[in-house]
Amino acid sequence: ESAKVFISYIASTSNDIAREGKRQTISVHDVHRALEDCDFADFWGPLEERMAGSRQQQAQGQGTNKRAKGAGSDAPNRGRKKRKGLAAEEQEHRDGAGAEEKG
């Protein structure tokens with residue numbers, strides 16, 4: 001329960017700081033200033049280390065996701081090409097059938 005109160009307090013203070021700057025989005029700098037304003041500046045070092053580790057993991061994960069997406073990204077397009085190909089063949093068949101009936 002105390003952690004919820006702490007997070008709410010820092011979030012509220014960060015929000016107030018962002019609004020002072022005429023912004024609607026809280027930035028990392030707002031959280032840093034909120035921690036300092038609330039006399040929790042010593043929490044910033046561990047938090048900054050944690051954020052750096054999180055960013056590194058996200059960067060590694062995004063590289064993996066891009067490779068995974070790139071490997072199978074043309075599979076849906078192949079299906080579309082086949083469907084377009086079938087539709088074109090059907091249209092040609094109809095056009096051809098109509099020409100034979102006229103001829």
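The shown structure was predicted, so the numbers you read here are calculated from the model rather than taken from an experiment. Throughout, numbering of the chain's residues begins at 1 and tracks the sequence.
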message: Before you tell me yes or no, could you show the steps for Asp30 and Arg23 under side chain to side chain contact (heavy atoms under 4.5 Å, CB included), namely the whole-Å CA-CA distance, both residues' side-chain angles and the distance that decides it to 0.1 Å?
response: CA-CA 10 Å; Asp30 298 328; Arg23 293 176 285 112; 2.8 Å; yes

task: Please report the C-alpha distance between Phe6 and Tyr9 in whole Å, then the side-chain angles of each, then the deciding distance to 0.1 Å, and finally whether the ring pair (Phe, Tyr, Trp, His ring centres under 6.0 Å) criterion is met.
output: CA-CA 5 Å; Phe6 174 76; Tyr9 182 59; 7.8 Å; no

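Pairing each heavy atom of Val31 with each of Ser14, the nearest pair is CA-OG, 3.3 Å. Here the closest non-hydrogen pair linking Ala18 and Ile26 is CB-CA, 4.3 Å.
Scored by the side-chain contact (heavy atoms from CB on, under 4.5 Å) test, Asp16 finds Ser12 as partners (sequence neighbours excluded).
Hydrophobic cluster membership is shared by Trp44 and Ile7, with clusters built from Ile, Leu, Val, Met, Phe, Trp and Tyr side chains linked at under 4.5 angstrom. Cluster membership for Phe40 and Met51, using ILVMFWY side-chain heavy atoms within less than 4.5 angstrom, is shared. Both Leu35 and Val28 sit in one connected hydrophobic cluster of ILVMFWY residues. Membership requires side-chain heavy atoms under 4.5 Å apart, directly or through other members.
Listed by first and then second residue, the salt bridge (charged side-chain N to carboxylate O under 4.0 Å, His left out) pairs involving residues 32-47 are Glu20-Arg33, Arg33-Asp37 (not counting sequence neighbours).
Counting heavy atoms from C-beta outward, Gln58 and Ser54 have side chains that approach closer than 4.5 Å.
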